[in-house]
Amino acid sequence: MFNALSRQPDDALLALIGLYKQDPRPGKVDLGVGVYRDEEGRTPVFRAVKAAERLLLDGQDSKAYLGLEGDAGYLERLWSLVGGAAGTKVATAGVQTPGGSGALRLAADLVLRGGSKRVLVGQPTWPNHVGIFAAAGLEVVSYPFFDTAGQTVLFDRMIAAFEAAQPGDVALLHGSCHNPTGAPLSLDQWKELAAVLETRGVLPLVDIAYQGFGRGLEEDSEGLRHLIGVVPETLVAVSSSKSFGLYRERTGAIFAVAAAPAAADLAKSNLMALARTSYSMPPDHGAAVVRTILSDAALTADWIAELDVMRARITGIRRKLAAGLAGVFPALAAVAEQEGMFSLLPLTEAEVLRLRADHAIYMPTSGRINIAGLKTAEVDDVVAKFAALR
Ligand SMILES: Cc1ncc(COP(=O)(O)O)c(C=O)c1O
């Protein structure tokens, strides 16, 4: 039976991590993997996570049964972080998932059950969006989102694509910190978008995987908060893996937001049934850590303080890099205005490979870079190597 299988292509980003590891050159730079790193190149465990883990260890005797929904305290507190005051004005039901990826997969399975056949994703988007939705059996259709050469959001073309969508179509949107472009939508653009989706009967599926890394915890879900007040139903896939530094736990949740509690409950009953036949119950530890932090004012304040430091570091490097690169690619001045860890550079595949071969600067051939992978002291040198390309 196994011999009847055909070999699958390696995941491009995971393969890149392997290449980087094998490179013996000192001073190599990894702009590929989408993980936060500090000035020492480490991915720190948040102080609040360490404290929460100590508290959890002390109470471990009572750990037995969890259930399909997961940790109710995690879901409640996470939703209050994501939805804010707007989230209290709508009916919401959540299910804890293995990472944001698990949330996206459950969302895809749910909309298929609900009768949707198509999901519209921006061009470009996180490549695994396409993988997850296609694997679930949805037809994946692209809408224009970003012009890499000009570093601009193709907002009018995006709106035109939604105006031409069918009722029941699903629109995948990034809540903030767009992966791979870093390009934000303004609140006015979210307002226009929400109105079009509402008119066309298109269901938004909002992926929010980097809350706190963009402009701030509140600001990073500002568009989503507006949207849920306008459209009758929204799905929100949340990842806590990055915002709480739980990369090895992969913690997330899917929230179904509806105009009335009965509809949200129906969605939840189906999400739990789908989870049962997929992975059964979600792993607990990451969600318990997040719940413990968000249940304690001092731990929450400390988590936010550390997140603020990370965001400030990303913003500083972003500005420095953008100022340097603008001399080579004038459009890249816009990188300074983007948010989160990622930006997409207008490099050819040959240029990406040259940077890798000649200078040990690693990024995927798409040209997506992780700003947080760069140390402040490396920026000038990296800019000089980009300049030598043209
Ligand atoms: C845009 C986006 N959505 C979702 C995810 C998945 O999150 P998780 O790692 O929690 O599965 C990622 C992770 O890379 C991502 O970049």
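Every number for a ligand or one of its atoms is a count from 1 in the order of the listing. Each residue takes its place number in the sequence, starting with 1. Computed from heavy atoms alone, side chains included, the values below leave out hydrogens, waters and symmetry copies.
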Participant: Would you say the side chain of Phe146 lies within less than 4.5 Å of the side chain of Gln151, judging by non-hydrogen atoms?
Facilitator: yes
Participant: Show the atoms of ligand 1 that are less than 4.0 angstrom away from any heavy atom in Asn179.
Facilitator: 1 (C), 15 (C), 16 (O)
Participant: Determine whether the side chain, the backbone, both or neither of Tyr247 has a heavy atom under 4.0 Å from any heavy atom of ligand 1.
Facilitator: neither
Participant: Flag the pair Phe133 / Val111 as yes when at least one side-chain heavy-atom distance between them is below 4.5 Å, and no otherwise.
Facilitator: no
Participant: Taking only heavy atoms of Gly99, which atoms of ligand 1 are found under 4.0 Å from at least one of them?
Facilitator: 10 (O), 11 (O)
Participant: Do the charged groups of Asp265 and Lys268 touch, with an N to O distance under 4.0 Å?
Facilitator: no
Participant: At less than 4.0 angstrom from any non-hydrogen atom of Ser239, what atoms of ligand 1 do you find?
Facilitator: 7 (O), 8 (P), 10 (O)
Participant: Of the protein's non-hydrogen atoms, which lies at the shortest distance from atom 2 (C) of ligand 1, and what is that distance?
Facilitator: Asp207 OD2, 3.4 Å
Participant: What residues, two or more places apart in sequence or in another chain, satisfy side chain to side chain donor-acceptor pair (under 3.5 Å) together with Arg354?
Facilitator: none
Participant: What residue among Arg356, Lys21, Arg37 forms salt bridge (Lys or Arg N to Asp or Glu O under 4.0 Å) with Asp30?
Facilitator: Arg37
Participant: Could you name each residue pair satisfying salt bridge (charged side-chain N to carboxylate O under 4.0 Å, His left out) that touches residues 178-188, not counting sequence neighbours?
Facilitator: none
Participant: What is the nearest protein non-hydrogen atom to atom 14 (O) of ligand 1, stated with its residue, atom name and distance?
Facilitator: Lys242 NZ, 2.8 Å
Participant: To which protein heavy atom is atom 6 (C) of ligand 1 closest, and what is the distance rounded to 0.1 Å?
Facilitator: Ser101 OG, 3.4 Å
Participant: Are any of the N/O atoms in His174 less than 3.5 Å from those in ligand 1?
Facilitator: no
Participant: Could you tell me whether some N/O pair between Gly100 and ligand 1 is separated by less than 3.5 angstrom?
Facilitator: yes
Participant: Just jot down the ligand 1 atoms closer than 4.0 angstrom to any heavy atom of Ala209, in number order.
Facilitator: 2 (C), 3 (N), 4 (C)
Participant: Heavy-atom contacts with Arg250 under 4.0 Å: which atoms of ligand 1 show up? List them by number with element.
Facilitator: 8 (P), 9 (O)
Participant: Short list, please: which atoms of ligand 1 are under 4.0 Å from a heavy atom of Tyr210?
Facilitator: 13 (C), 14 (O), 15 (C), 16 (O)
Participant: Salt bridge or not between Asp23 and Lys28? Use side-chain N to carboxylate O under 4.0 Å.
Facilitator: no
